[in-house]
Amino acid sequence: MSGISLALSFCLIFLFTISEASRCSIVGLPVVRNISELSQDNYGRGGLSHITVAGSLLHGMKELEVWLQTFSPGSRTPIHRHSCEEVFVVLKGTGTLYLASSSHEKFPGTPKEFPIYSNSTFLIPVNDAHQVGNTNEHEDLQMLVIISRPPAKVFIYDDWFMPHTAARLKFPYYWDEHCFEVPVKDEL
């Protein structure tokens, strides 16, 4: 192998290692980015497209995290709660917000239903069990989601009458897993 080939091979290995190591680093992150060029995934949940626009673990944010989520017709989040505030801005589509009326009792209880629609916004208080679903048969539901105090510890319920003590902890959540540096026993 010639000196030039060896040097080129070394540079490629070095650049590959840097790009892999810096996947979750803000070093070299452009100030202005095109959302359509950001990575998206469904994390094994059919009907979901999730993009972390600005994330705690992915981009070094400490006080908030911003996602762009798109739900295909009929898809929804699991019933869940988390120890952070959450703000939704509906960009397009229609759906339903289910918000537990008794989240601070032994179990969430029967949720209240709220229609959501383009240009609407709604807030989820800390630890209130909720679910968001696309109830439109013909159009995607797309929302900008902002959470406080990331990364969020998410507790997932099988139904609205599952006791809080039986809810399953998912931490780090799916889109934070690849950047989480401390090994965590996943209880899900």
Side-chain angles (χ1 to χ4, degrees), residues 33-56 58-59 61 64-105 107-162 164 166-178 188:
R33 297 175 296 142
N34 184 331
I35 289 176
S36 65
E37 295 173 359
L38 300 178
S39 68
Q40 63 181 335
D41 201 333
N42 71 2
Y43 300 95
R45 289 178 29 204
L48 169 70
S49 169
H50 173 94
I51 298 172
T52 298
V53 176
S56 63
L58 189 60
H59 306 114
M61 303 292 290
L64 61 90
E65 191 158 278
V66 180
W67 311 323
L68 179 64
Q69 293 188 325
T70 305
F71 293 86
S72 64
S75 63
R76 60 185 60 217
T77 67
I79 300 167
H80 67 287
R81 68 178 171 86
H82 32 70
S83 58
C84 64
E85 297 166 315
E86 191 170 28
V87 177
F88 288 80
V89 179
V90 181
L91 302 175
K92 73 175 189 174
T94 58
T96 303
L97 162 65
Y98 302 90
L99 186 61
S101 57
S102 56
S103 284
H104 303 286
E105 295 178 15
F107 52 84
T110 303
K112 293 181 182 176
E113 294 183 29
F114 300 91
I116 57 175
Y117 46 88
S118 293
N119 297 319
S120 65
T121 185
F122 54 96
L123 313 171
I124 305 296
V126 173
N127 280 322
D128 276 5
H130 60 284
Q131 182 178 46
V132 178
N134 181 351
T135 52
N136 186 317
E137 296 178 9
H138 306 288
E139 184 180 23
D140 286 347
L141 172 64
Q142 187 174 59
M143 299 175 289
L144 195 62
V145 184
I146 302 102
I147 67 163
S148 66
R149 299 185 289 196
K153 289 185 177 179
V154 178
F155 295 88
I156 301 173
Y157 297 79
D158 293 333
D159 60 54
W160 294 98
F161 296 95
M162 180 180 207
H164 294 303
R168 295 177 313 278
L169 170 65
K170 177 63 178 136
F171 180 76
Y173 208 63
Y174 297 104
W175 34 84
D176 289 327
E177 283 179 329
H178 66 276
L188 199 58

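Here the structure is a predicted model, which is why all the values come from computation and not from measurement.
- For the residue pair Ala152 and His82, the shortest heavy atom distance occurs at CB-CB, 4.3 Å.
- Glu85 has its side chain out of reach of Leu123: every pair of non-hydrogen atoms, C-beta onward, lies at least 4.5 Å apart.
- Distance check: Gln142 CD to Asn134 CG gives 11.5 Å after rounding to the nearest 0.5 Å.
- The minimum heavy-atom distance between Phe122 and Val90, with the atom names listed, is CE2-CG2, 4.0 Å.
- More than 12 heavy-atom neighbours from other residues, nucleotides or ligands sit within 6.0 angstrom of CZ on Phe114.
- Judged purely by atom type and a 3.5 angstrom limit, Asp140 has no side-chain atom pairing as donor or acceptor with the backbone of Gly93.
- Taking every heavy atom of both residues into account, Phe88 and Thr121 meet most closely at O-OG1, 2.6 Å.
- No donor-acceptor distance shorter than 3.5 angstrom exists from the side chain of Arg81 to the backbone of Tyr157, with no hydrogens or angles considered.
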- [ ] Verify side chain to side chain contact (heavy atoms under 4.5 Å, CB included) between His164 and Asn127, making sure each step is shown before the conclusion.
- [x] CA-CA 10 Å; His164 294 303; Asn127 280 322; over 6 Å; no
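- The heavy-atom pair separating Gly109 from Phe161 by the smallest distance is CA-CE2, 3.8 Å.
- Minimum heavy-atom separation, Val53 to Leu38: CA-CD1, 4.1 Å.
- In this structure, CD1 on Ile146 lies 8.0 Å from CG on Leu64, to the nearest 0.5 angstrom.
- No side-chain N or O of Glu113 forms a donor-acceptor pair with one of Thr96 less than 3.5 Å apart.
- Applying the side-chain contact (heavy atoms from CB on, under 4.5 Å) test between Leu141 and each of Thr70, Val132, Leu91 identifies Val132 as the sole match.
- Residues Met162 and Ile79 are not in side-chain contact: their nearest non-hydrogen atoms beyond the backbone lie 4.5 Å or more apart.
- Here the straight-line distance linking atom OH of Tyr98 with atom OG1 of Thr77 works out to 10.0 Å at 0.5 Å rounding.
- Atom SG in Cys84 sits 12.0 Å away from atom NZ in Lys153 (nearest 0.5 Å).
- Atoms CG and CZ, on Asp158 and Arg168 in that order, are 4.5 Å from each other to the nearest 0.5 Å.
- No donor-acceptor distance shorter than 3.5 angstrom exists from the side chain of Thr52 to the backbone of Trp67, with no hydrogens or angles considered.
- Taking the six-membered ring for Trp and thresholds of 30 and 60 degrees, His50 and Tyr43 have ring planes more than 60 degrees apart, a perpendicular arrangement.
- When all heavy atoms of Gly47 and Ser75 are compared, the pair lying nearest together is O-OG, 3.3 Å.
- If you take CD1 on Ile124 and NE2 on His80, they are separated by 7.5 Å, rounding to the nearest 0.5 Å.
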